[in-house]
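Before any comments, here is the structure.
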Amino acid sequence: MIEGIKKIGDYEWELPIGFVEGMHVPGRFFLSEKLTGTLEEGALHQLANVATMPGIIRNSLAMPDIHWGYGFPIGGVAAFEYESGVISPGGVGFDINCGVRLLTTPLTPGDLIKKKEILDALYDAVPVGVGARSSLRFSEKQLETMMTEGTAFAVGEGFGNKDDILHCEEQGGMKGAEPAFVSKKARSRGVPQCGTLGAGNHFLEIQVAQEIYDEPAAKAYGLEKGQICMMVHCGSRGLGHQVCTDHLQILEQATRKYHINLPDKQLACAPLTSPEGKAYYGGMAAAANYAWANRQIITHQIRSVLTRLCGIAYDDIRLVYDVAHNVAKIEEHDVDGKRTKVCVHRKGATRAFGPDCQDVPPDYAHIGQPVIIPGSMGSSSYLLKGTDVAMDRTFGSTCHGAGRVLSRSQAKKKLQGKTIRETLGRSGIMIKAPHDGAIAEEAPDAYKSSSEVVSVVHNLGISRLVARLEPLGVIKG
DNA sequence: ATGTTC
């Protein structure tokens, strides 16, 4: 293990103040012994660097899927006191509100005789790949409403039903979105891309609920063993990327203007109460809402395909929940026994609010918020529930997925797309992607084991297992 | 992740 780190529990490690100069609080990360081999020293330095930022509360935190990112580590969680703290695009990531949603269907694996036809139809209905454009046409005015309202906009346009809105984090629309802080360039990228999946680890999957660990929770979430489900993993496309790029430039200047000392330029930030900080928050929230609308429109396309090819009713395809993986939010948390207004940055981390917390839908309130953890291509995904332990220890947060162990270029060099397609095919998993290179980059071997990551957060109790989902068909960008 | 080194 890297020098200067203290093990403080079975799954818990500390980076003491002084690990890097200027830390206000210790860093803390969660890992099993088995995962220590995957730990990157660079990611730990990033975790420590975050602890030097003004107004950080309690700890700079990282989940077991920690890896090196832009400024902040991916898998990082950091809460800042509202009046004295900062907001940073590096703590959110380029793909603002990259997230995932889970749908249930009344189908079972036996109903999937036409699996290839279904995958082909989904592939036609949801454009994939870098720069993919939608056949849907949205006006500038519609984009404005989309950024203000998110999921509710999409439902209002006929892309869903009222229940969908209730079953999203933030009801699929963050308050405080300010499209005025989304540049013309960002908008021009966003208009043609709404309704598209994107590339990289983004996917659309046909899955089966293979195992139920928590019957009462699964029942509340409307999930049964053997049920066919659909999972969508995507984000805010070029629009969110551009919002991040634009505001990074502004915040690099603001860092100097407000005399904030940072060990890394990539941590560019501004006080939450400053004009620059507020502008980023407003633009980021607008991009987050675009991502929610995007996942909602894709949901509609999925429903259209399944109703047409499987003879099931539109409203029998239910949205279990939709979570954000990359976002900063103003929330209230108990800090030293006092209810405190904070800005929680979750970058490759999932909100995991426990029972009866604010924003947990009424029908799930007695269980806690659903937490959806997508697997890497061809591997298990998991449904968990949020807990009181998360509220106490991680500002209501848990992991987001597997986490890379091979870079994209390493994966492409080492692994063959065609071989992976054939191997997965033999285990009954059908893949559609624009080219084999896209498959190699996202190969199962390029990622940490998602089951190990999930078992750490389950054993720690910052979320608890509800169900395991296995892929049957995968569409990759 | 990303009009994949604007």
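Note on naming: letters A, B, ... go to the chains in the order of the sequence lines (proteins, then strands), and numbering restarts at 1 for each one.
Note: CG (A:N97) to C1' (B:dT2) measures 16 Å, nearest angstrom. Atom OH in A:Y70 sits roughly 17 Å away from atom P in B:dT4 (whole-Å rounding). Rounded to an integer number of Å, the gap from CD1 of A:I96 to P of B:dT2 is 12 Å. Straight-line distance from the CZ atom of A:R404 to the P atom of B:dT4: 17 Å, rounded to whole Å. One interatomic measurement links the two molecules: CD of A:Q242 to C1' of B:dT2, which rounds to 10 Å at whole-angstrom precision.
Residue A:R237 places at least one side-chain N or O under 4.0 Å from the OP1 or OP2 atom of B:dT2.
Nucleic acid contact class of A:G235 (heavy atoms, under 4.0 Å, all strands): none. Residue contacts shown for A:K347 are absent, as no nucleic acid heavy atom lies under 4.0 Å away. Residue-level contact check: A:Q193 touches the backbone only, with heavy atoms under 4.0 Å from sugar-phosphate atoms and none from bases. A:E441 comes within 4.0 angstrom of no nucleic acid atom, judged by non-hydrogen atoms across all strands. The residue A:G93 sits apart from the nucleic acid: no heavy atom pair falls under 4.0 Å.
Within the structure, salt bridge (Lys or Arg N to Asp or Glu O under 4.0 Å) contacts touching residues 443-454 of chain A (residues at least two apart or in different chains) are A:K34-A:E452. Applying the side-chain hydrogen bond (donor to acceptor under 3.5 Å, both in side chains) test to pairs two or more places apart or on separate chains, those with a residue in residues 64-77 of chain A are A:D65-A:H400.
A:S409 meets the side-chain hydrogen bond (donor to acceptor under 3.5 Å, both in side chains) test with A:S407; sequence neighbours excluded. With sequence neighbours left out, A:E149 forms a salt bridge (charged side-chain N to carboxylate O under 4.0 Å, His left out) with no residue at all.
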Just to be sure I follow the notation: if a pair is Watson-Crick (purine N1 to pyrimidine N3 plus N6-O4 or O6-N4) or a G-U wobble (N1-O2 and O6-N3), each under 3.5 Å, what dot-bracket string does DNA chain B give, with | for pairs to another strand? ......

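Remark: A:Q410 CD is packed, more than 12 non-hydrogen atoms of other residues, nucleotides or ligands lying under 6.0 Å away.
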Show me, pair by pair, the donor-acceptor contacts under 3.5 angstrom made by side chains of residues 87-101 of chain A, not counting sequence neighbours?
{"unit_1": "A:S88", "atom_1": "OG", "unit_2": "A:G90", "atom_2": "N", "d": "3.2"}
{"unit_1": "A:S88", "atom_1": "OG", "unit_2": "A:L267", "atom_2": "O", "d": "3.3"}
{"unit_1": "A:S88", "atom_1": "OG", "unit_2": "A:A268", "atom_2": "O", "d": "2.9"}
{"unit_1": "A:D95", "atom_1": "OD1", "unit_2": "A:S236", "atom_2": "N", "d": "2.9"}
{"unit_1": "A:D95", "atom_1": "OD1", "unit_2": "A:S236", "atom_2": "OG", "d": "3.4"}
{"unit_1": "A:D95", "atom_1": "OD2", "unit_2": "A:H202", "atom_2": "NE2", "d": "3.1"}
{"unit_1": "A:N97", "atom_1": "OD1", "unit_2": "A:R295", "atom_2": "NH2", "d": "2.8"}
{"unit_1": "A:N97", "atom_1": "ND2", "unit_2": "A:A288", "atom_2": "O", "d": "2.8"}
{"unit_1": "A:R101", "atom_1": "NE", "unit_2": "A:D322", "atom_2": "OD2", "d": "2.7"}
{"unit_1": "A:R101", "atom_1": "NH1", "unit_2": "A:Q296", "atom_2": "OE1", "d": "2.9"}
{"unit_1": "A:R101", "atom_1": "NH1", "unit_2": "A:T299", "atom_2": "OG1", "d": "2.9"}
{"unit_1": "A:R101", "atom_1": "NH2", "unit_2": "A:Q296", "atom_2": "OE1", "d": "3.4"}
{"unit_1": "A:R101", "atom_1": "NH2", "unit_2": "A:D322", "atom_2": "OD2", "d": "3.0"}

